[in-house]
Structure formats: structure tokens, C-alpha cells
Amino acid sequence: MSLTLPTYPQPDGRGRFGRFGGRYVPETLIPALDELERAYAAAKVDPEYLNELDRLLRDFVGRPSGLYLAERLTAHAGGAKIYLKREDQNYTGAHKINNCLAQALLAKRMGKQRVVAETGAGQHGVASATAAALLGLDCVVYMGAEDIRRQELNVFRMKLLGAEVREVTSGTSTLKDATNEAIRDWVTNVRDTFYILGSVVGPHPYPAMVRDFQSVIGEEVKVQHQALEGRPVPDAIVACVGGGSNAIGIFAPFAYLPDGERPRLIGTEAAGEGVDSGRHAASVAGGRVGVLHGAMMYLLNDDEGQIVPPHSISAGLDYPGIGPEHCLYSETGVAEYVPVTDAQAMDALQLCTRLEGIIPALETAHALHHAVELARTMRPDQTIVVNLSGRGDKDVAEVMRLLSLPAAQSSAPGTLHARPEVQA
Ligand SMILES: *Cc1c(COP(=O)(O)O)cnc(C)c1O
């Protein structure tokens, strides 16, 4: 790893990617965002900060993560070679730790002794609490009452790591409400508090900063693909999209290549029970432009501008918006965004598990489904890299519950198979 963070194109002076992003926040938040922007600009060229981040990513997280040829999945699809970028190998089991460590380290550099974070299923909360414990920072995690009830184990994990978990009962008592509370806490306590945001969303500079921190994924792919295939750029890259951080982390290092040299970049959105069912989290396919958590983006809202509660089988994709840089990629055709349903993800999870011995997260399974479909349409000398954003240990109980439901009672009638059809 190098001693500089890569420099991809920055958003414009108002923090916007095209017409997306920006800072749609109350006046009181602007000084805090300005302070953060200055601190990040200084840190990303400071060898001391970069050395420490480099050391932690290597020795604490275990980077670089592998780029692994999935031979049986490739044979099953019968087309392009499918490679898995193994973010599931990271300590804490997913890509989120890359960003949390970098932000916590920045908090420390800024002299802030306290960090706050929002969490839905608890994955970002656990990663934030982990980074805070490691660096000796006080940590408060905001979590919706509904999510606290559903994610008992992660709540306990955060407490074990020394974090305080604060219950949020406003709105629908879920992730978007927890995010509002975390922002409120930050504004109130900005002198000693840093807000660790979990994806490429929120007001500028968060989307660009989180992208830079996650881009270690795609930068590693270049080196690894060169070693394995004799060229740095694969033919296609597929990643699942919640807020969009694992996807932007693997896309950004390739997105700014000139037309013709750029691989196909494909984000898979959670289509839940189908984009037409109204029960989904597909912000590009089924949303419209609006403002959420301080940024302009595609999101799920109704005619009054109210957020429609998203639905997905995977808690990590259950966010009603998609990061502004993805919105720009979509509008300009740099990347494509395709919907994948709950049932398709369930099948892909089982397929990957049985053929590769790797239990992926339900989020990741959305990307795997599309990668297999895509591979079929490509030649054997071509390559697809799937971002294996996380491991599925956290989802095993839920998968067990879903597979034991009679098909008629399941969330997607008749479409969940106890065994996928496996030919390989
Ligand atoms: C949180 C999570 C996601 C979704 O978040 P992004 O910001 O879109 O990457 C995807 N996969 C896993 C394993 C996650 O934990």
C-alpha cells in the first residue's frame, strides 16, 4: 500500500457530483462540516496519518484481502471467469471496518475524544465501536428501537466493546431516524465529538471522503488482477448497493478511466419483493430525486416528499437512498444499476455456499446473483470481479428461518428453494 490516498475527481465547490450531493443542512452544521473538510484535506497528505492507517489496515484488519478465482461458480455459469474480492476476510467480517478505522483515526488527529455513529442492523455500529475501542475513544451509537429489538446480538457486541447504544423512538424507529439523531448529537457536541458516517451518503465531504477510504478495495484489485490475468482492468465489476460504499470503493479506481478502457460497472440494488410491489429498496429503479440526510440523491419518497420505508431481505441494503456519486454514474452511464429480488439473493447465497464453501452476506448475495447471470453472456477469456462485501455468519439465523417457512408463507411466495439447482 502506498503513502498517499488516491485522488479521484472531487465534487464541485458546493460539494456536488453533477446535480447530486451538496450540503442541504441547517446553518448550524456548516462550521462542523467545514472543520471536517479542512481536517481531512490535511490528513490525506500527512505521512504520519497515512502510515498509521496503512499499519492498521494491514496488521489489524488483515489487508490486502484476497482476489479469489471462484472456479466452481465459473463452471456453473459457463462463461466469463468470476473472481471474488474477499472483503469478508477482513477482521469484523466486511468492508465497513476500512472506513471506520480511517474516520476514527481522523477523529483522534482532530483531538476529538468522542465519536457518534448511526446503525441499522448494527454492522456499522459494531465496526465503529471496534475502531473506538482500539483507539481509546468514547463511542455512542444511535439505533432505532425496532432495530435494537431485531439485532440483540449486535447490541450486546457494541456494549461489550465499551460503546453506549442509544435507543431512537422517533419516526419509524429505524436507520433513517437513528441517522437524524446522530447528526443532532454531533451538532450539539461538535467541540469534542466526531460523527463516523457509515456509507457514501450525507452532506459533503462525507461521500467523497468515505469513497477515498473504501477505494483501497479497487486499488488492490488493479494490482491483483494484473498478477493473475496480466492486465490491471477486469471486463466487469459487480457490487451490491445500499448507501453505496463497498460499490464505490471498488468502482472509483476504474470509473474515471476513459471510455473504452473502463470495465462495465454494475451495482445491484435490493428489489425486495419486486420493484413494482412497492416493497423494495431500489432507489435508482424505483425512486426519484430528493434530499435526504443533507444530500440530493435518488431516494424512495412519496408525492408529499415523505420517505417510503424501504424493504429488503438484507438489513444492510435497507437504506431509502443511494450515494450522490452513484447517482451521477447512473445519469452519465458510467455505471449501471440493476434490481435483484430477495428470492434471487437467497438462491445466490445458497449457490455460492454450496459451490465455493463461502457463506456470503445476504447483501453480497444480490451481487452474486447478477454476476452469475452476466457471466453466462460473456466469453471464457473475460473476467468479472464481484465485491464480496461481507461474510454471512450474521445472516445464518435469518436464512434458517426463511428456508423453514412453507413457500406459501414466505415473503416471496413460491420462489425460495430449499436447494438451488446446482449442476457443477
Ligand atoms: C452495510 C453492508 C452493505 C451495504 O452498505 P454499502 O454502503 O452500500 O456498501 C453491503 N454489504 C455488507 C456485507 C454490509 O455489511
Side-chain angles (χ1 to χ4, degrees), residues 65 84-100 103 117-128 130 143 147 151 154 157 175 178-179 196-202 206-207 209-211 213-218 237-252 265-270 281-284 293 295 297-299 310 312-327 329 335 337 340 345 348-349 352 358-370 386-396 398-399:
S65 67
L84 307 176
K85 179 56 176 164
R86 301 288 306 274
E87 290 300 293
D88 60 319
Q89 291 171 341
N90 296 342
Y91 175 58
T92 65
H95 65 288
K96 287 194 172 75
I97 192 73
N98 303 329
N99 171 50
C100 287
Q103 287 197 46
E118 82 293 341
T119 201
Q123 298 304 112
H124 176 61
V126 169
S128 297
T130 301
M143 191 168 183
D147 291 328
Q151 302 291 338
N154 273 342
R157 246 180 220 125
L175 175 60
T179 306
I196 302 185
L197 215 171
S199 193
V200 284
V201 298
Y206 281 104
M209 181 173 79
V210 176
R211 169 198 65 185
F213 292 152
Q214 289 293 2
S215 67
V216 63
I217 304 171
I237 298 176
V238 184
C240 66
V241 179
S245 70
N246 87 85
I248 218 83
I250 198 165
F251 288 178
L265 304 174
I266 304 167
T268 56
E269 294 193 294
S283 317
V284 174
H293 298 138
M297 59 174 92
Y298 290 118
L299 55 89
S312 169
I313 198 175
S314 62
L317 303 187
D318 216 343
Y319 183 74
I322 172 171
E325 193 166 359
H326 285 293
C327 297
Y329 288 0
Y337 297 84
V340 174
L349 179 144
C352 179
I358 296 169
I359 307 178
L362 273 169
E363 290 85 0
T364 313
H366 289 72
L368 287 163
H369 166 79
H370 187 73
V386 185
N387 199 4
L388 206 90
S389 57
R391 56 180 150 92
D393 304 40
K394 68 181 178 61
D395 295 319
V396 168
E398 177 68 2
V399 170

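Heads up: numbering here begins at 1 and tracks the sequence. We count ligands from 1, going down the list as the structure has it; atoms in each ligand are counted the same way.
- Side-chain N or O atoms of H124 include none that pairs as donor or acceptor with a backbone N or O of S199 at under 3.5 Å.
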Yes or no on side-chain hydrogen bond (donor to acceptor under 3.5 Å, both in side chains) for H293 and Y206, after CA distance, side-chain angles and deciding distance?
CA-CA 11 Å; H293 298 138; Y206 281 104; over 6 Å; no

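- Counting the atoms of ligand 1 from 1 in the order shown, those under 4.0 Å from a heavy atom of G390 are 13 (C).
- With contacts defined as side-chain heavy-atom distances shorter than 4.5 Å, the pair L197/E118 qualifies.
- Geometrically, ligand 1 and G242 share a nitrogen or oxygen pair separated by less than 3.5 Å.
- Summarising the local packing, CD1 of I358 is surrounded by more than 12 heavy atoms from other residues, nucleotides or ligands at distances under 6.0 Å.
- If you check each of E363, R391, Q123, K96 against atom 2 (C) of ligand 1, the one with the closest non-hydrogen atom is K96.
- In this structure, S312 and H366 have side chains that are in contact, with non-hydrogen atoms separated by less than 4.5 Å.
- Ligand 1 has no nitrogen or oxygen under 3.5 angstrom from a nitrogen or oxygen of A94.
- Listed by number with element, the atoms of ligand 1 under 4.0 angstrom from any heavy atom of A361 are 13 (C).
- For atom 4 (C) of ligand 1, the closest heavy atom belonging to the protein is G316 O, 3.3 Å.
- The proximity of E87 to ligand 1, defined as any non-hydrogen pair under 4.0 Å, does not occur for either the backbone or the side chain.
- Residue G244 has at least one nitrogen or oxygen atom sitting less than 3.5 Å from a nitrogen or oxygen atom of ligand 1, judged on distance alone.
- With 3.5 Å as the limit, one finds no donor-acceptor pair spanning the side chains of N99 and Q214.
- When only interatomic distances are considered, the shortest N/O to N/O separation between K394 and ligand 1 does not fall below 3.5 Å.
- Among P360, A365, S199, S314, the residue whose heavy atom sits closest to atom 7 (O) of ligand 1 is S199.
- Assignment of H95 to the shell around ligand 1 is supported, since a heavy atom sits closer than 4.0 Å.
- Side-chain contact between K394 and E363 is present, with at least one heavy-atom pair separated by less than 4.5 Å.
- Looking only at protein heavy atoms, the nearest one to atom 12 (C) of ligand 1 is S389 OG, 3.5 Å.
- S65 pairs in a side chain to side chain donor-acceptor pair (under 3.5 Å) with only one of the listed residues (Q89, R86, E87), which is E87.
- Aromatic ring pairs are classed by plane angle as parallel below 30°, tilted from 30° to 60° and perpendicular above 60°; the pair H326 and F251 is perpendicular.
- Nearest protein heavy-atom neighbour of atom 6 (P) of ligand 1: S245 N, 3.3 Å.
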